[in-house]
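Throughout, a chain's letter reflects where its sequence line sits, starting with A, and its residues are numbered from 1.
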2 protein chains.
Amino acid sequence: MAAESRTEPGLRDRFRAQVRQEVKTAALRQLAEGGPEALSLNAIAKQVGMTGPALYRYFTNRDSLLTELVIDAYGDLASTLSHAADAGTTDPVARLTAVVEAYRAWALAEPHRYRLLFRAPLQGYDAQSTSLVEASQPAMKVVLEVVGALAKPGTAVAEGPAAQFREWMNHHEIVDVPEAVALRTTMLWAHLHGLVGLEIEGNFTSMGIDPVSLYESEVKDFVRSL
Amino acid sequence: MAAESRTEPGLRDRFRAQVRQEVKTAALRQLAEGGPEALSLNAIAKQVGMTGPALYRYFTNRDSLLTELVIDAYGDLASTLSHAADAGTTDPVARLTAVVEAYRAWALAEPHRYRLLFRAPLQGYDAQSTSLVEASQPAMKVVLEVVGALAKPGTAVAEGPAAQFREWMNHHEIVDVPEAVALRTTMLWAHLHGLVGLEIEGNFTSMGIDPVSLYESEVKDFVRSL
DNA sequence: TCGTGTTCGTGATAGGCTCTAACTAAAGCT
DNA sequence: AGCTTTAGTTAGAGCCTATCACGAACACGA
């Protein structure tokens with residue numbers, strides 16, 4: 001079966017993929033204790049049972065490994081949010097609340113990964129930066145879809161300053177959501193970003209603030225703002 | 001004048017302080033291009049005209065240099081905000097708007113420093129973390145004071161979950177501000193954190209969103225929420 | 001004015017890191 | 001079978017942080 005053997009993953013490729021995965025989990029484990037600077041290819045290699053240079057067969061770069069972790073994390077976050085959106089009731093507000101809570105929970109459960117997202121691998125190359133921004137969109141999209149159910153089918157048509165934004169929405173196949181609502185959602189997104197960021201860094205506890213009430217207000221305000 | 005010579009800065013100390021400052025500015029310059037990982041003590045030393053090890057006479061550590069930069073940045077931010085608050089009119093809303101805009105402007109003008117604040121030197125030692133949180137409070141305080149004028153002298157007394165927060169407020173000499181308003185302000189703070197963070201990383205431009213309108217909404221919503 | 005102790009900067013060095021290069025061993029394909 | 005591609009090795013270049021021991025410059029009291 002020539003045709004089959006050509007399309008099949010290939011035994012070798014599967015091994016390769018598995019090693020890659022093993023390396024990544026080792027990297028995550030190391031990331032959890034010590035932050036992104038502490039991530040050492042040598043140490044990772046030792047952990048998966050090989051010497052340093054061998055890793056370069058699997059990842060071209062230290063940075064490329066890191067950005068791959070970032071992209072994975074974005075994907076994981078997106079699927080977590082999407083799962084939270086579909087799990088409970090169909091009540092729009094409840095769904096939104098669930099998504100917000102899932103966002104927070106994910107960040108609290110794996111702060112190191114969340115930090116990884118929030119501040120990318122810290123070098124600021126434009127090329128990577130845009131690819132990372134792209135990777136962040138699916139998660140954003142989940143929120144937008146949940147919000148879509150909240151908003152009445154608007155008649156607003158792109159015009160003026162929102163035209164570019166509408167274009168972005170079209171490009172990401174977000175329809176039936178008025179720009180105003182989408183803008184609002186972006187703000188919600190940014191707000192969560194900020195709240196979680198502060199909470200992870202311990203600002204709230206140091207101020208004696210209970211974060212839960214903040215998130216509740218957040219959702220309430222958002223719904224009201226529509 | 002034994003008393004005088006004892007209390008005076010001392011010629012040597014002043015030189016020392018000046019070198020420290022020079023090192024820090026060189027560090028900032030290097031930080032602006034390449035991020036915190038690229039900050040190399042060797043390179044800094046070369047830039048100020050000495051060899052690597054000499055820096056250890058002035059800073060015990062690479063990390064200690066970084067955290068000092070963070071603390072400086074917080075101070076700078078706080079004074080910028082405070083200046084913005086006192087510059088214009090006495091109209092409370094206008095003052096708040098000015099502060100918000102100053103916050104954003106500062107972050108946009110020096111993204112690398114803002115990043116430094118937002119995600120501390122990336123190692124996560126608890127001891128430093130709390131000291132950094134402490135350093136962030138003065139800036140927060142400026143916002144709270146501006147808001148204080150906005151809020152009617154409330155009669156709210158700490159009770160229940162807000163008690164700890166009230167304690168924190170007392171400790172920072174924030175009086176005449178009801179807890180509810182202070183909480184609201186904390187949220188505003190977090191929101192700005194989130195908006196600026198996304199804007200700096202280029203998310204808004206990549207989505208075709210004009211950030212200015214977001215900040216305007218932010219202030220408007222905040223005022224309404226009181 | 002002359003020791004004398006403190007401070008500043010140096011080169012040398014240890015130990016770590018990323019990443020390249022040359023080489024060996026093994027696996028897959030024909 | 002033999003040939004080719006791949007996975008892993010060791011060696012090493014060139015960085016880095018950080019420590020150490022030493023010499024030079026300075027401040028200061030006698």
Side-chain angles (χ1 to χ4, degrees), chain A residues 1-24 26-27 30-31 33-69 121-123 125 128, chain B residues 1-24 26-27 30-31 33-69 121-123 125 128:
Chain A
M1 308 267 176
E4 182 186 299
S5 70
R6 197 184 286 167
T7 54
E8 228 173 337
L11 205 149
R12 200 141 189 178
D13 291 324
R14 282 194 298 175
F15 177 74
R16 200 181 153 74
Q18 209 220 320
V19 171
R20 275 178 68 90
Q21 190 50 50
E22 238 168 273
V23 169
K24 287 205 254 180
Q30 194 175 327
L31 206 64
E33 41 202 55
E37 331 211 78
L39 190 143
S40 144
L41 294 193
N42 277 337
I44 292 173
K46 221 161 282 174
Q47 242 179 20
V48 299
M50 46 189 183
T51 61
L55 282 195
Y56 289 83
R57 299 282 180 194
Y58 298 93
F59 299 90
T60 68
N61 228 327
R62 192 194 114 111
D63 275 357
S64 85
L65 169 58
L66 266 177
T67 58
E68 199 152 322
L69 291 183
L122 353 133
Q123 73 272 292
Y125 292 74
Q128 303 208 2
Chain B
M1 308 263 180
E4 182 184 299
S5 70
R6 196 184 288 170
T7 54
E8 224 172 337
L11 203 151
R12 200 138 189 178
D13 291 324
R14 282 193 298 174
F15 179 73
R16 197 181 156 74
Q18 210 220 319
V19 171
R20 276 178 67 93
Q21 190 51 48
E22 237 169 273
V23 169
K24 287 205 254 180
Q30 195 173 328
L31 206 64
E33 41 201 57
E37 328 212 81
L39 190 143
S40 143
L41 294 193
N42 278 337
I44 293 172
K46 220 161 283 174
Q47 238 178 23
V48 299
M50 45 188 183
T51 63
L55 281 194
Y56 290 83
R57 299 281 181 196
Y58 298 92
F59 299 91
T60 68
N61 227 326
R62 193 194 114 112
D63 275 358
S64 84
L65 169 58
L66 266 176
T67 59
E68 199 152 321
L69 291 183
L122 355 132
Q123 73 271 290
Y125 293 74
Q128 304 207 2

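- Look at CG on D13(A): it is 11 Å from C1' on dT6(D), rounded to the nearest Å.
- Within the model, atoms CG of L55(A) and CZ of R20(A) stand 11.0 Å from one another, a figure rounded to the nearest 0.5 Å.
- Here the closest heavy-atom approach between residue A27(A) and residue L65(A) is recorded as CB-CD2, 4.3 Å.
- Taking atom CE on M50(B) and atom P on dC8(C), their separation rounds to 10 Å, with Å as the unit.
- Every side-chain hydrogen bond (donor to acceptor under 3.5 Å, both in side chains) that E22(B) has, sequence neighbours left out, goes to Q18(B).
- Across the protein-nucleic acid pair, L65(B) atom CG and dA18(D) atom P stand 10 Å apart, rounded to whole Å.
- The line from CG of N61(A) to CD of E68(A) is 11.5 Å long, rounded to the nearest 0.5 Å.
- Between F59(A) atom CZ and dA7(D) atom P the separation is 13 Å, expressed in whole Å.
- In this structure, the side chain to side chain contact (heavy atoms under 4.5 Å, CB included) partners of A43(B), at least two apart in sequence or on a different chain, are Q30(B), S40(B).
- For T51(B), no side-chain nitrogen or oxygen approaches OP1 or OP2 of dG9(C) to under 4.0 Å.
- Separation of atoms OH (Y56(A)) and OG (S64(A)) is listed at 9.0 Å; rounding is to 0.5 Å.
- The nearest whole Å value for the distance from the CZ atom in R20(B) to the P atom in dT7(C) is 15 Å.
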| said: Protein within reach of the bases, or only the backbone? For nucleotides 15-30 of chain C, mark each nucleotide 5' to 3' as B, S or -, using heavy atoms under 4.0 Å. | reply: --SBBB-------S--
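- Across the protein-nucleic acid pair, R16(A) atom CZ and dA7(D) atom P stand 5 Å apart, rounded to whole Å.
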